[in-house]
Structures are given as C-alpha cells and as structure tokens.
Protein chains: 2
Amino acid sequence: MAKKADILIRFGERVRELRAERGYSQEAFAHICELDRTYVGGIERGERNLALRNIERIAESLDISISELMKGL
Amino acid sequence: MAKKADILIRFGERVRELRAERGYSQEAFAHICELDRTYVGGIERGERNLALRNIERIAESLDISISELMKGL
DNA sequence: CTGTGACTTCCAGTCCGTA
DNA sequence: TTACGGACTGGAAGTCACA
C-alpha cells in the first residue's frame, strides 16, 4: 500500500508550505484559523485526519479556495 | 450562523451530482467507496462533516482528483 | 517557535431497522 | 432507491505540560 505519500502527509506539507510562504508562524496561523497551535502542528506533520469544516477554515485562512489548497494532492 | 450555503451542503450536492452522473445508486457507490450506505446518504444531505481520508476515498471512487471534486465549493 | 504524548469530549462512521 | 431513526464504537476535535 501507500505507493505515494499518505494524503495526510501530503496535505500537511502543502499547508506548511503555504503557511510559511505567507510568513506566518504556526502559532500566528493557528490564531487566524482559530485552532490550537498544537493541532495545526499535528496537521502539518500529517498526524491529523481533519474533517471538511476544518479544511475549509484553513483554506479561508490561507485566502484560497479548497480546490486550490488540494491542488497536486 | 448566517451562511448562505454551508460547505457540507454544497459538498453533498456536488457528490450527489457526480455520483448520479455515473449512474450509481447510493448503495452501489457506498460499496465502491467502502463506506456505509446510510453514511453516504448523510453526506449527500449535508449532515456529515467527513474527514480527509474519506474525502479522498470519494474522489477516487469518482475517478477524479480531490481538487476537482472541490471545484466550485 | 515547534514537536510530542497524553488526555477528555463528542462526533465520525457502522449496523440494525422502518417507511 | 432513498430518507431517516436508534444504538453503538472508534477516532476526530481540542487542550495541556514539557522537551
């Protein structure tokens, strides 16, 4: 199984990349998302199988569409 | 909470549309996704805040990318 | 600033039905 | 074929202390 990297890992890397691009720390970004700092950290490390509502929050906080956020995954 | 159309509702409508396009019944589609039939029904009705792994399953079962699935949402 | 393990609460997700 | 209810289990949501 797992011919490609896991979806959660890839999603986390994508979030980290976009978050860093914007010059946010995890903590600052977490605040914008209204999520806990450690929770966002867990997402970026691919440890969290987050649900659609939180995916939406993250996309909004990055100021892009969900579709854009999911690009390449 | 004054949202025009909740993300879950919009996602559900999108899934229903794409699933029906392919001529699958909810039950047949649920079987392909390896999800419960009542759960798929709940998703299409916008009652379920499903997680990323299951979003991926649905996209795969529809034979499109997650990004494509999320288009317009 | 970030990683991580542990923790509680509540919902994601399953299985049984009925209409 | 789909909607929806009840009851259940595992895991997502959310937080904390400390490295």
Check against side-chain contact (heavy atoms from CB on, under 4.5 Å), A:Leu50 and A:Phe11
CA-CA 10 Å; A:Leu50 78 176; A:Phe11 180 79; 3.6 Å; yes

Is A:Asp36 touching bases, backbone alone, or none of the nucleic acid, heavy atoms closer than 4.0 Å?
base

Does OP1 or OP2 of C:dG3 have a side-chain N or O of A:Arg16 closer than 4.0 Å?
yes

Measure from the side chain of A:Gln26, starting at C-beta and using heavy atoms only, and say which of D:dT2, C:dT2, D:dA13 lies closest.
C:dT2

Considering only NZ, NE, NH1 and NH2 on the basic side and carboxylate oxygens on the acidic side, decide whether B:Arg53 and B:Glu56 come within less than 4.0 Å.
no

Could you give me the CA-CA distance, side-chain angles and deciding distance for A:Glu13 and A:Arg10, then say whether salt bridge (charged side-chain N to carboxylate O under 4.0 Å, His left out) is met?
CA-CA 5 Å; A:Glu13 286 171 351; A:Arg10 284 178 283 135; over 6 Å; no

Taken to the nearest whole Å, CZ/B:Phe29 to P/D:dA3 is 14 Å

I need the A:Asn54 CG to A:Tyr39 OH distance, nearest 0.5 Å.
4.5 Å

Do side-chain atoms of B:Arg57 reach the backbone of B:Glu34 as a donor and acceptor pair under 3.5 angstrom?
yes

Could you state the atom-to-atom distance from CG of A:Asn54 to P of C:dC11 in whole Å?
13 Å

The residue, B:Arg57 or A:Arg45, whose nearest nucleotide of DNA chain C is more 5′ is A:Arg45

Let me know the distance between OH of A:Tyr39 and C1' of C:dA6, rounded to the nearest Å.
17 Å

Starting at CD of A:Glu27 and ending at P of D:dG14, how long is that distance when rounded to a whole Å?
18 Å

Without decimals, in angstroms, what is the distance between B:Glu47 CD and C:dA12 C1'?
13 Å

A:Leu50 CG to C:dA12 C1', in whole Å, measures 13 Å

Side-chain N,O (B:Arg19) to OP1/OP2 (D:dT2) below 4.0 Å
yes

Whole angstrom is fine here: how far is it from CZ in B:Arg37 over to C1' in D:dG5?
12 Å

Provide, to the nearest angstrom, the distance between the CD atom belonging to B:Glu44 and the P atom belonging to D:dA3.
7 Å

Between B:Arg53 and B:Thr38, name the one whose nearest nucleotide on DNA chain D is closer to the 5' end.
B:Thr38

